[in-house]
Protein chains: 2
Amino acid sequence: MGVAERKARHKTELRQEILEAARELFVNEGYRHVSMRRIAEKIEYSPTTIYLYFRDKEDLMFQVCEDTFRQLSEQFEELHASKAGAESVDPVEYLRKGLEIYVNFGLNHPNHYKVAFLTEPERGQESAKYCEADTMAMRAFGYLRQAVEECVVTGQFRDGVDTDLASEALWAAVHGVTALLVQYPEFPWSARDRLVAEVINRMITGFRK
Amino acid sequence: MGVAERKARHKTELRQEILEAARELFVNEGYRHVSMRRIAEKIEYSPTTIYLYFRDKEDLMFQVCEDTFRQLSEQFEELHASKAGAESVDPVEYLRKGLEIYVNFGLNHPNHYKVAFLTEPERGQESAKYCEADTMAMRAFGYLRQAVEECVVTGQFRDGVDTDLASEALWAAVHGVTALLVQYPEFPWSARDRLVAEVINRMITGFRK
DNA sequence: TCTTTCGATGAACAGCGTTAAGTCAAGGAT
DNA sequence: ATCCTTGACTTAACGCTGTTCATCGAAAGA
């Protein structure tokens, strides 16, 4: 009964092919400027075929972003793993590195970041789709929260710092600088590195004892 | 020769009517979900008439946002004026109030905020349109910078704080929290007020002596 | 060989932003 | 009073869009 398996394999392959074509177009041209017909053309299938694999255009983009944010999670995991190897790591420095990874990830994948966080969602669809517990973006947020908690329990942070509140505030801050740099690259910002470091450092200083 | 004047008056009236209809639709339903045809229907004119008054849909939205951000500038001016009346004002508290005004403005005009800062711009058009020097948004940023400078020159901030860098960093932080709250209102954030205050307070603490 | 299954498609729908050509009333000129 | 011009406005259309539905056709099972 290898037939069903071969078919299934082909199905997942085609699905992957669609995802890759869509990713390339979305990343280079942005969500709004890519049509289903162009994606179909790129993979040399009919536009309707895509709908056999993805509910609609938004779902397709969501899956593309999931793949990308999986990479972000993996970078966090690498960081986590490197900590296990080292002798002893300053929890605050660990947190700082995580925040830097986050911002750099956004700067290196601007269109994914735009779509995931800077695109007006379709009406009626929950805007919080990317925020649901089982998404890659939320998994990444989990790493951030963990790093913050480490700072709290080891007494690096001031008394009374709430882990959840602090995590959200830090996320908001790094999201802010990432979003502005990604969306308005032409704006005469101070040097990117300096600005990113400034946001991260000032926030951390605000929390640190 | 009152004829030309009457015509000109009628023209500006109709222009205003279009702006108001567009504002209501955009604010209630979001940029992407409002069509030129629906705006035209609302004002009981043909869709093409709108193009006699605005270059295209994006230009129309830009003008709507300019009107709204003018309100933000006015709120900053009010704050500035209230300072002139008072005996002596702590520059840091003045800055904090400005930041709070900014965030609350975004939370009170979520769709304007989305369009101005969270909408993927059309291809080929400069994304930095809202960032050009003569826009209302940039005028508002000028107020922020001024408030930061006041903190720097009165010695409220740590040594070596760069006014431009600090202004951008603060803007990034408040933009971040505003953007996340506006875009993902369903996310189980900590209480809005607390989160906003956390971001602002930690940043200010990071700068303050 | 006949039937069923199901992935893929062509044609179509309703809507979009935008443009070119045309209409028609009002104002100025003779 | 008639003609001409101006210009605000509309009608019709173009080339798109995302999406759906009925249909086709090849491969698998009976």
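First the proteins, then the strands, lettered A, B, ... as listed; each starts at 1. Just the heavy atoms: all of them, side chains too, but no hydrogens, waters or symmetry mates, feed the values below.
Proximity of a side-chain donor or acceptor of B/His109 to a complementary backbone N or O of B/Phe105 within less than 3.5 Å is detected.
Taking atom CZ of B/Arg9 as the reference point, atom C1' of D/dA8 lies 17 Å away to the nearest angstrom. Separating the CG atom of B/Leu25 from the P atom of C/dC16 is a distance of 12 Å, rounded to the nearest angstrom. Between A/Leu52 atom CG and D/dT20 atom P the separation is 11 Å, expressed in whole Å. Atom NE2 in B/His10 sits roughly 16 Å away from atom P in D/dG7 (whole-Å rounding). As a whole-Å value, the separation of A/Arg38 CZ from D/dG18 P is 10 Å. In this structure, CZ of B/Phe54 is placed 16 Å from P of C/dT19, rounded to the nearest angstrom. Per the geometry, CZ belonging to A/Arg55 stands 13 Å off C1' belonging to D/dG18, to the nearest Å. As rounded to whole Å, 7 Å separates atom P of D/dT20 from atom OH of A/Tyr51.
Residue contacts shown for B/Ser46 include a base, since a base heavy atom lies under 4.0 Å away. At a threshold of 4.0 angstrom between heavy atoms, the contacts of A/Tyr45 are confined to the sugar-phosphate backbone, with no base atom among them.
Remark: B/Lys57 fails to qualify as a cation-pi partner of B/Phe26 under the 6.0 Å distance and 45° angle criteria applied to the six-membered ring.
Aromatic rings from B/Phe69 and B/Phe117 are positioned such that their centres are separated by under 6.0 Å.
Side chains of B/Gln71 and B/Met136 form no contact here, defined as non-hydrogen atoms less than 4.5 Å apart.
Under 4.0 angstrom from either OP1 or OP2 of D/dC9 there lies at least one side-chain N or O belonging to B/Tyr53. Look at B/Thr49 and you won't find any side-chain N or O under 4.0 angstrom from OP1 or OP2 of D/dC9.
Closest contact between the side chain of A/Arg37 and the listed nucleotides D/dA8, D/dG18, C/dG10 involves D/dG18. Here the nucleotide nearest the side chain of B/Thr48, chosen from D/dT11, C/dA12, C/dT9, is D/dT11. Looking at the side chain of A/Lys57, the nearest of the listed nucleotides D/dT19, D/dA8, C/dG17 is D/dT19.
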Passes salt bridge (charged side-chain N to carboxylate O under 4.0 Å, His left out), B/Arg139 versus B/Glu77? Steps please. CA-CA 11 Å; B/Arg139 219 173 101 186; B/Glu77 266 160 37; 2.8 Å; yes

